2 protein chains.
Amino acid sequence: MGDRLSERSRHILEAIIEDYIATAEPVGSRTITRRHGISLSPATVRNVMADLEEMGLLVSPHTSAGRVPTEKAYRLYVDSLLEVRGIAPEERDMIGRQCNIAGRDVGSVLKETSRMLSCLSRYTGVVVAPRFTTNMFRQIEFVKLGGRRVLAILVSRSGVVQNKIIESDEEMGTDDLVRMANYLNDLLAGLTIAEVRNRIREEMLTEKARYDAMLARALRLSEQTFAGGEGGDASGLFIEGQANILSQPEFSDIDRMREVFHAFEEKGQLLELLDRCVNAEGVQIFIGSETHLHQMSGMSLITSTYMTGRDTVGVLGVIGPTRMGYGKVIPIVDYTAKLVSRLLEME
Amino acid sequence: MGDRLSERSRHILEAIIEDYIATAEPVGSRTITRRHGISLSPATVRNVMADLEEMGLLVSPHTSAGRVPTEKAYRLYVDSLLEVRGIAPEERDMIGRQCNIAGRDVGSVLKETSRMLSCLSRYTGVVVAPRFTTNMFRQIEFVKLGGRRVLAILVSRSGVVQNKIIESDEEMGTDDLVRMANYLNDLLAGLTIAEVRNRIREEMLTEKARYDAMLARALRLSEQTFAGGEGGDASGLFIEGQANILSQPEFSDIDRMREVFHAFEEKGQLLELLDRCVNAEGVQIFIGSETHLHQMSGMSLITSTYMTGRDTVGVLGVIGPTRMGYGKVIPIVDYTAKLVSRLLEME
DNA sequence: GGTTAGCACTCGTTTGTGGCGAGTGCTAAC
DNA sequence: GTTAGCACTCGCCACAAACGAGTGCTAACC
């Protein structure tokens, strides 16, 4: 009854988990013996199962049902039982085929990636664009709209475009706007967006700005451009294939499902969770409550990071039930992340 | 038994529809008499109901249940029974509060509008951005990315921004790109995006273009920029509040719901339907099968058009069950469309 | 001592039955 | 034309019985 698992117990546990992943039904001792490799009697298996239950790796929904793996069991499974196969060739081909960037914008590529993740995994795909603020500044342009409205267009080093409509104090000519943009492009070259904000504030305090009206105006305009974070729409979270989770038997409960969809619509908390993944390199796995999101209970998240430049990093992954085909999904996420990195190399 | 409805029948039908909208339960003769204004015995009401059923305005799910309105009944209801009240002041305020455009981009405003529609109606909000191709050209800019990649940024008259990464044949300097953009901005001023495409093709055939390498390059670059329609991500359809339809009792059937969500994810067919609304001015209503989308059976759509300029027109609206609160939703859609038009006036 | 056959037991699921009640259609009286 | 009365239909619910998958325990086996 030690905490160490015997080879046999591990084997049985693995069989149970894989059976449960495949069928979504509690697994009985009988079923296991019929399955591959295990030539023991049901009674023996039952003994082992009782042990596993005591260790907190299995639970039975009720006395006369089979056993179901706990989160702890899944954790053990992905950490030491599961050996990840490489990605299937046909999957690799499909990912490759999706990926040509010419004629598209970064946003649409990321959205398409999310869709592809959902399509291959049969769960829900998520892609988070790199935080705009950690991006390098590349270029700013101003376009005159009607009246005092000016459209500011911001391009980051990694080719992500943001635009904002700005209500300026006074009407400005097209020439003025071009000159301002040139000035700002010089001033802000090579900074991150976060640094840009500080730089603008500093610059506003200089003598030069105080006496040159045009300069002051340029700075005021840019201040508004860089104000207020990511800006609405560009929350940069692409969730695709939500409908896939409707097929999962664990979500036949309508209230449960509403909760999940609400979490998807809110995006805020999910984004927070995914943002935390930025720091860890490589594939990360959150099982059930490990996400610390109660709306996501019963769900797992597999993520990996991708890069669009030396140090601009985004996150992509797959959300599915804890009873997820980890062995299949992990290589998909891994390979996709690497491919997207290659694709968006922009420096 | 004439096809003409008596005043009394109309009154009863209206009561049935409104009761059913409120409760989602088949309505019995008894219930009706208890409701407002009708002081007849249940037996009389039953006679009337039998007539209405024969006219195809009501059906009963089974013999001992009440009656349920048919699509035909809803159509009659919105056409001649329902008198649309103005929008409630608190709703108007909420819409007004959402709407400031400064510091945001057109896309995020539209997305927010969709969210607001869903929030007020408690159904699902949809907003279609104006077709990019019917938009007037305002400005083009090129930004040099790494290697031979160029980022093309396209601004339409109405302030909508599109960007595309282009793989050019040869590496180009920043100065070249600026010069090209200037040339193209002159060339294409005042055309619609659709006209722009033809103009580029014409221009490529002129003597001038044949002997001026820079010009030819500019044209090739712009050709790629304008190729291939709306470009991926910017399908320009914003659907928000999908989770709201989960609360509707008619979608307690999980398969039914999966179908609806699939339709939302595909977007293609829905977009087609909404595109057709562009031509009709004012509020339009599609009830059930009138949408001609079988995935949308049992659902209704209320739309209105909005403008972002003299002749760039988009569509917004609400999707809900046929058993929708038409009286409440119609003014919301109407008012929102007018407000968005005012907000996005850009000329 | 680990393994296994046998067996009583548990408990969710399915099936069947009867009563209840909402609602109808019909008929006859007002 | 309207209404009361009444028999009838049919979904829904509660309860009970039969079923069966699966368990835990015990005793025998190698």
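In this text, all values refer to a predicted model and were calculated from it rather than measured experimentally. Below, chains carry the letters A, B, ... as their sequence lines are ordered, and counting in each starts from 1.
- Rounded to a whole Å, the CZ atom of B:Arg30 is 13 Å from the C1' atom of D:dT3.
- For A:Glu290 against A:Ile285, the heavy-atom pair with the smallest separation is OE1-O, 3.7 Å.
- Checked by atom type and distance alone, the side chain of B:Ser60 never pairs as donor or acceptor with a backbone atom of B:Thr63 at under 3.5 Å.
- Recorded end-axis angle for the helix from C:dG1-D:dC30 to C:dC30-D:dG1 stands at 20°, based on five pairs per end and rounded to 10 degrees.
- Using modelled atom types, no side-chain atom of B:Lys111 and backbone atom of B:Glu240 make a donor-acceptor pair closer than 3.5 Å.
- The nearest heavy atom of DNA chain D to A:Pro26 and to B:Leu40 marks one nucleotide each, and the one closer to the 5' end goes with B:Leu40.
- We find that CD1 of A:Ile38 is positioned 12 Å from P of C:dT4, with the value rounded to whole Å.
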Quiz item: So B:Leu301 and B:Leu274, side-chain contact (heavy atoms from CB on, under 4.5 Å) or not? Walk me through it.
Solution: CA-CA 9 Å; B:Leu301 172 65; B:Leu274 289 164; 4.0 Å; yes

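- Of all heavy-atom pairs between B:Leu117 and B:Gly317, the closest is CD1-O, 3.5 Å.
- Here the closest non-hydrogen pair linking B:Arg323 and B:Pro249 is NH2-CD, 3.8 Å.
- Side-chain contact between A:Asp51 and A:Leu5: absent, with no pair of heavy atoms (C-beta onward) separated by less than 4.5 Å.
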Please produce a list of atom pairs where a protein N or O lies less than 3.5 Å from an N or O of nucleotides 9-12 of chain C.
from	atom 1	to	atom 2	distance (Å)
C:dT10	O3'	A:Thr63	OG1	3.3
C:dC11	O5'	A:Thr63	OG1	3.4
C:dC11	O2	A:Ser64	OG	3.1

Please tabulate the protein-to-nucleotide N/O contacts below 3.5 Å involving nucleotides 25-28 of chain C, giving atom names and distances.
from	atom 1	to	atom 2	distance (Å)
C:dG25	OP1	B:Arg67	NH2	2.9
C:dG25	N7	B:Arg46	NE	3.2
C:dG25	O6	B:Arg46	NH2	3.1

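- One interatomic measurement links the two molecules: CD of B:Glu54 to P of C:dT24, which rounds to 16 Å at whole-angstrom precision.
- The closest donor-acceptor contact from the side chain of A:Tyr326 to the backbone of A:Tyr74 lies at 3.5 Å or more, if one exists at all.
- For A:Asp19 and D:dA21, the CG to C1' distance is 14 Å, given to the nearest whole Å.
- In this structure, B:Arg8 places its CZ atom 9 Å from P of D:dG1, rounding to the nearest Å.
- Remark: side-chain polar atoms of A:Thr70 are paired, donor with acceptor, to backbone N or O of A:Gly56 under 3.5 angstrom.
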Quiz item: Taking it one step at a time, do B:Lys72 and B:Leu57 satisfy side-chain contact (heavy atoms from CB on, under 4.5 Å)?
Solution: CA-CA 6 Å; B:Lys72 193 175 166 189; B:Leu57 293 167; 4.0 Å; yes

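- In this structure, B:Glu265 contributes its side chain and A:Gly241 its backbone to a donor-acceptor pair below 3.5 Å.
- Between A:Thr44 and C:dT4 there is a side-chain N or O to OP1 or OP2 distance below 4.0 Å.
- The CD1 atom of B:Ile16 sits 13 Å away from the C1' atom of C:dG23 (whole-angstrom rounding).
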